[in-house]
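Just below is one structure, and these are the notes that go with it.
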Amino acid sequence: MGPLVLAAAFVVSEAAVAPGVAAQTLAVTGATIIDPLADAPLADAVVLMEDGRITAVGAAGAVDVPAGTEIIDARGKYIIPGLMDANLHLYLNLDLETLIKYEGRYHEIVLEAAQLTLKTGQTTVFDTWGPLGALAQARDMINAGEAPGSRIYFAGNIIGFDGPLSRDFRAEAAAHVSKAFMNRTNEAWEKGTGRDLMWMTPDSVRAAIREYTGTGVDFLKYGSSSHVEMYFISFSERVQRVIVEEGHRAGMTVQTHTTSVESLDMAIEAGVDIITHGDISGPVVPIPMETVRKLVERDIAVSALPITQRRLEALQQHNPDGTLTPYMAIGRENQTRMIEAGVSLLLSTDAGIKHPVLLAESGTIASDTVDQRTKLGEGHFNALAALEELGMAPMEILRSATSHIARAYEMEGEIGSLRPGMIADLVILDANPLEAARNYRSIHAVIKDGRRVDIDALPVAPIISVLKPDN
C-alpha cells in the first residue's frame with residue numbers, strides 16, 4: 001500500500017478516530033471513477049464522503065470539497081465500489097482439530113476471515129453456510145466498531161442440511177468424539193433446519209422456517225439438491241415454494257443450493273431470488289438453453305463458481321478422479337452459455353480460510369494450489385480472471401462483483417455503486433481493471449464506511465491462516 005497523500009487545511013489522523021467511527025469528511029481526488037452503473041468511466045474525478053456515506057461524485061471543479069476535509073490524492077489511479085462475494089463461508093474449517101480446539105471461539109475465526117476479505121478489497125460478503133451464533137457475534141462486533149472486517153450478511157444453515165459432523169459433511173469424524181460434542185457441533189449449524197425437515201409436511205416446514213427467520217439471519221438458503229448425494233432432490237416443489245414464501249414474508253431474499261439440471265429447474269419454479277452455483281449441473285449434462293432462458297426471463301441471479309482454464313487443466317491432470325473435476329468442466333460450458341444469454345452472474349467462490357497444515361498434507365496439492373477457488377483473499381481474484389477468459393465484457397465483470405450482487409440481495413440502494421447516498425465503500429486500484437482482470441489485484445487502498453482501512457494490519461489476530469506446516 002502506498003503512502004497516504006493529504007492536502008487540506010486540517011488532517012484527521014487514523015489514530016484520532018475511534019474504531020468503526022467514520023471520519024466526518026473524506027474526499028478522494030484525481031482518480032478515474034469506474035461506477036458499474038454509469039455510462040462510462042469519469043476521469044480526474046472527486047468522491048466526497050461524509051459520515052460514512054457518499055455525498056457527491058463528479059469531475060474536478062464540479063464538487064465543492066468543504067474546508068477541513070481529509071483528502072486522498074489518487075491521481076493516476078482508479079476507483080471502483082467495494083468488491084463483494086455472493087457466496088462464501090467465513091467458517092469453513094471443519095477439520096476435527098479446529099472444531100474441538102476452538103469450540104466457543106468460532107467467532108474469532110469468522111473475524112479473521114472477514115479481515116482477510118476486507119484486506120483484499122471485499123467490503124461486503126454474504127456467508128451462505130456457517131454457525132449462526134458465531135456469525136452473528138462477528139457481524140455485530142464489526143458493525144459496532146469493535147473489530148475491523150468486511151460487512152457480513154449471513155444465512156446460517158443451508159436448510160435441509162445437517163451439521164459438520166453428519167453425513168452431509170464429515171460423518172467419519174463423528175466416531176472420534178463424544179455424542180455430546182457431535183450434537184453440540186451439529187446444532188450450532190442446524191438450529192432446527194436439518195434433514196429432519198424432509199420428513200415433514202409443507203405446513204410443518206412452514207412453521208419451522210417461520211421460526212428460523214426470527215433467529216437473526218439476514219437471508220435464507222435451502223438445498224434443492226443434496227450435498228454429498230448431489231444427484232438427489234432434497235425438497236418437493238411444494239415444500240420449496242413454502243420455504244420461499246416464508247422467506248419473502250419475512251422480507252428476506254431466498255436462495256438455493258443446486259447441483260443438477262432438475263434441481264435447478266425446480267428452484268426456478270419455486271420462485272427463488274438467487275441460485276447458488278446454478279452453473280453446476282453434474283458431471284455429464286450441461287444446462288439446457290430452455291432453463292437458461294428461464295433464468296433471464298424471471299430475472300433470477302446465479303451465484304457462479306468460475307475457475308480459470310489453468311485450474312481446470314490442473315484438476316484434470318492431477319486430480320482426474322476428484323468428484324468436482326468433471327463438474328467444473330461442464331460448469332465452464334454452462335457459464336459461457338449464461339454469459340451469452342445475459343444471465344445475471346454473481347461472483348462467488350465458496351471460499352474459507354485455507355488451513356496451511358492441511359493444505360501441505362493434501363494428496364492433491366498439485367491441483368489444490370493452482371489458481372485456488374476456495375481460498376479467502378485469493379479466490380475472488382481468480383474468479384474475476386476466469387470470467388475474463390470466458391468472454392465476459394469488462395464492465396460486466398465489475399458488475400458481477402458489485403452492483404449485480406447488491407441488486408440480487410435487494411441492497412442496491414445501499415451498496416454496489418458510487419452514487420450519492422450510498423454507503424462509502426470503495427477500492428482504489430493502481431491499474432485499470434477494465435483493461436485486464438488481473439488489475440483487480442493492484443489494490444492501493446480500501447475505504448469502508450468512509451474510512452481508510454489499515455490493510456497492512458489485517459488480519460489483526462490470525463488463528464488459522466498463520467499456521468505453519470512442520471518442517
Would one find more than 12 heavy atoms of other residues, nucleotides or ligands at under 6.0 Å from atom CZ of R249? yes
Would you find more than 12 non-hydrogen atoms of other residues, nucleotides or ligands less than 6.0 Å from E97 atom CD?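 Counting other residues, nucleotides and ligands, CD of E97 stays at 12 neighbours or fewer.
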Distance-minimising heavy-atom pair for Q122 and L88: OE1-CD2, 4.4 Å
Less than 4.5 Å apart, side chain to side chain, heavy atoms only: is that true for [X] and [Y]?
X    : Y    : value
I109 : I353 : yes
L418 : M422 : no
L220 : T213 : yes
L37  : S403 : yes
Y153 : D127 : no

How about [X] and [Y]: does a side-chain donor come under 3.5 Å of a side-chain acceptor?
X    : Y    : value
E190 : N157 : no
S224 : T258 : no
N87  : T276 : no
N93  : T98  : no
Y409 : Q255 : yes
H89  : D350 : yes
D162 : N186 : no
T123 : K448 : no
T374 : K354 : yes

Salt-bridge test for [X] and [Y]: reply yes if a basic N is under 4.0 Å from a carboxylate O, no otherwise.
X    : Y    : answer
R451 : D449 : no
E70  : R452 : no
E108 : R105 : yes
R407 : D299 : yes

Go through E112 and S465 one step at a time and tell me if the side chain to side chain donor-acceptor pair (under 3.5 Å) criterion holds. CA-CA 8 Å; E112 177 183 3; S465 62; 2.6 Å; yes
For residues 459-468, which residue pairs pass the salt bridge (charged side-chain N to carboxylate O under 4.0 Å, His left out) check, not counting sequence neighbours? none
Using the salt bridge (charged side-chain N to carboxylate O under 4.0 Å, His left out) rule, collect all pairs that involve residues 380-404, keeping only residues at least two apart or in two chains.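 Qualifying pairs, neighbours excluded: R332-E389, E396-R399.
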Just do the side chain to side chain donor-acceptor pair (under 3.5 Å) check on T308 and N382 with the steps written out, would you? CA-CA 7 Å; T308 63; N382 294 327; over 6 Å; no
Determine the sole option in F161, W129, Y222 for which the ring pair (Phe, Tyr, Trp, His ring centres under 6.0 Å) test with H257 is passed. F161
Side-chain donor or acceptor of [X] paired with backbone N/O of [Y] under 3.5 Å:
X    : Y    : result
H107 : Q137 : no
S348 : A304 : yes
S234 : S225 : yes

Step by step, work out the ring pair (Phe, Tyr, Trp, His ring centres under 6.0 Å) result for Y106 and Y91. CA-CA 7 Å; Y106 295 163; Y91 190 100; 4.7 Å; yes
